[in-house]
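This chain uses plain numbering: 1 for the first residue, then up along the sequence. Bear in mind that the values here come from a model prediction, so they are computed numbers and not experimental data.
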Amino acid sequence: MSFARSFAQAAPVGVRVADTPEDLNMIDRPDCAAAIWRRQTPPAVQSWINELSGAQLPVARQVLQPGMVRDAIGQACKTAQTPHTPERDHLIEDIAALAEMFARPMRAPSLQIRLERVTTNACRKFHIDRLSARLICTYR
């Protein structure tokens with residue numbers, strides 16, 4: 001069982017679980033502190049990501065308008081020499097779609113996009129920062 005699935009089954013008060021992207025609109029509800037989307041990366045894409053060396057994973061940290069994310073992630077993949085495959089195209093499109101999906105309900109004219117190669121437990125405990133909202137997506 002995945003971490004997200006087991007966490008979602010015992011979600012704390014205020015944490016809602018979404019099964020579709022449309023369900024994420026629940027984040028606008030006053031009783032919703034966080035939303036977890038139980039989504040799965042297509043198996044072929046997940047295998048491809050898992051087989052890449054860490055150096056081939058794209059890295060980025062930029063503030064962008066949502067419509068600029070696709071090109072920026074594409075450039076990050078080129079810089080990291082991520083192999084140009086249909087799986088890479090899927091990754092780029094997925095990140096761009098998530099950015100658009102997140103920006104819309106947040107009414108955000110720009111987003112801070114951060115792709116990192118995390119090799120340790122970067123955030124050992126759940127905490128609340130001074131951000132209005134944050135989208136975290138782990139691919140590997």
Side-chain angles (χ1 to χ4, degrees):
M1 181 181 298
S2 72
F3 169 76
R5 191 163 309 281
S6 62
F7 180 83
Q9 289 176 344
V13 173
V15 176
R16 303 287 181 252
V17 179
D19 289 313
T20 68
E22 295 77 26
D23 291 344
L24 290 174
N25 290 332
M26 69 178 86
I27 197 72
D28 282 339
R29 293 175 39 184
D31 64 339
C32 184
I36 297 171
W37 178 13
R38 290 187 285 209
R39 71 192 279 264
Q40 296 294 315
T41 303
V45 175
Q46 190 63 60
S47 292
W48 174 81
I49 290 171
N50 292 345
E51 292 171 9
L52 288 176
S53 74
Q56 292 176 303
L57 296 170
V59 175
R61 190 174 193 140
Q62 296 176 279
V63 176
L64 302 164
Q65 295 173 350
M68 299 170 64
V69 171
R70 181 176 290 100
D71 290 341
I73 301 305
Q75 184 57 51
C77 285
K78 286 179 190 172
T79 300
Q81 298 180 343
T82 308
H84 195 152
T85 64
E87 292 82 7
R88 180 179 101 163
D89 293 341
H90 181 279
L91 179 66
I92 293 168
E93 291 302 319
D94 193 58
I95 294 169
L98 287 171
E100 292 278 350
M101 211 178 303
F102 182 70
R104 197 171 303 116
M106 294 297 116
R107 297 168 196 81
S110 62
L111 302 169
Q112 181 184 36
I113 302 297
R114 188 167 110 193
L115 299 179
E116 292 183 285
R117 301 172 189 144
V118 178
T119 58
T120 63
N121 186 353
C123 189
R124 288 171 286 291
K125 62 181 184 175
F126 186 77
H127 64 279
I128 297 173
D129 339 71
R130 297 181 188 264
L131 295 174
S132 301
R134 176 176 293 186
L135 170 70
I136 301 170
C137 180
T138 302
Y139 289 97
R140 181 169 111 170

>> Is there a side-chain contact (heavy atoms from CB on, under 4.5 Å) between Arg117 and Val59? Walk through the geometry before answering.
In response: CA-CA 7 Å; Arg117 301 172 189 144; Val59 175; 3.3 Å; yes
> Got Arg16 and Asp31 here, is their nearest side-chain heavy-atom distance under 4.5 Å?
Replying inline: yes
> For Ala35 and Met26, which heavy atoms make the closest approach, and how far apart are they?
Replying inline: CB-CG, 4.4 Å
> Roughly how far apart are Ile95 CD1 and Ile73 CD1, rounded to 0.5 Å?
Replying inline: 5.0 Å
> Does a donor on one side chain sit under 3.5 Å from an acceptor on the other, for Gln75 and Asp71?
Replying inline: no
> Does Arg140 CZ have over 12 foreign heavy atoms under 6.0 Å away?
Replying inline: yes
> Looking at Leu64 and Val69, what are the two nearest heavy atoms and their distance?
Replying inline: CD1-CA, 4.1 Å
> Given the rule in the side-chain contact (heavy atoms from CB on, under 4.5 Å) test, do Ser47 and Glu87 qualify, once you have shown the distances and angles that lead to the verdict?
Replying inline: CA-CA 9 Å; Ser47 292; Glu87 292 82 7; over 6 Å; no
>> Quick check for you: to the nearest 0.5 Å, what is the distance between Trp37 atom CH2 and Ile27 atom CD1?
In response: 13.5 Å
>> Please give me the minimum heavy-atom distance between Pro109 and Pro66, naming the atom from each residue.
In response: O-CD, 3.3 Å
>> Quick check: do Leu57 and Glu116 have side-chain heavy atoms less than 4.5 Å from each other?
In response: no
>> Is it true that, when you exclude Gln65 itself, more than 12 heavy atoms of the residues, nucleotides or ligands shown sit nearer than 6.0 Å to its CD?
In response: no
> Just how far is it from atom CH2 of Trp48 to atom OG1 of Thr85, taken to the nearest 0.5 Å?
Replying inline: 4.5 Å
>> Ignoring hydrogens, what is the shortest heavy-atom contact between Cys137 and Arg39? Give both atom names and the distance.
In response: SG-NH1, 3.5 Å
>> I need the Arg114 CZ to Ile136 CD1 distance, nearest 0.5 Å.
In response: 8.5 Å
>> Could you measure the distance from the CG atom of Leu91 to the OG1 atom of Thr41? Nearest 0.5 Å is fine.
In response: 9.0 Å
> Do Thr20 and Asp23 get their side chains close enough for a donor-acceptor pair, meaning under 3.5 Å?
Replying inline: yes
> Nearest 0.5 Å, what's the CG-CE distance between Asn25 and Met101?
Replying inline: 10.5 Å
>> Could you walk me through whether Gln62 and Met68 satisfy the side-chain contact (heavy atoms from CB on, under 4.5 Å) test, starting with their C-alpha distance in whole Å, then the side-chain angles of each, then the deciding distance to 0.1 Å, before giving a yes or no?
In response: CA-CA 10 Å; Gln62 296 176 279; Met68 299 170 64; over 6 Å; no
>> Determine whether a donor-acceptor pair (N or O, by modelled atom type, separation under 3.5 Å) exists between the side chain of Gln46 and the backbone of Tyr139.
In response: yes
>> So, applying side chain to side chain contact (heavy atoms under 4.5 Å, CB included) with Leu135, which one of Leu24, Leu98, Ile113 is it?
In response: Leu98
>> Tell me if the CD atom of Gln81 is crowded by more than 12 foreign heavy atoms within 6.0 Å.
In response: no
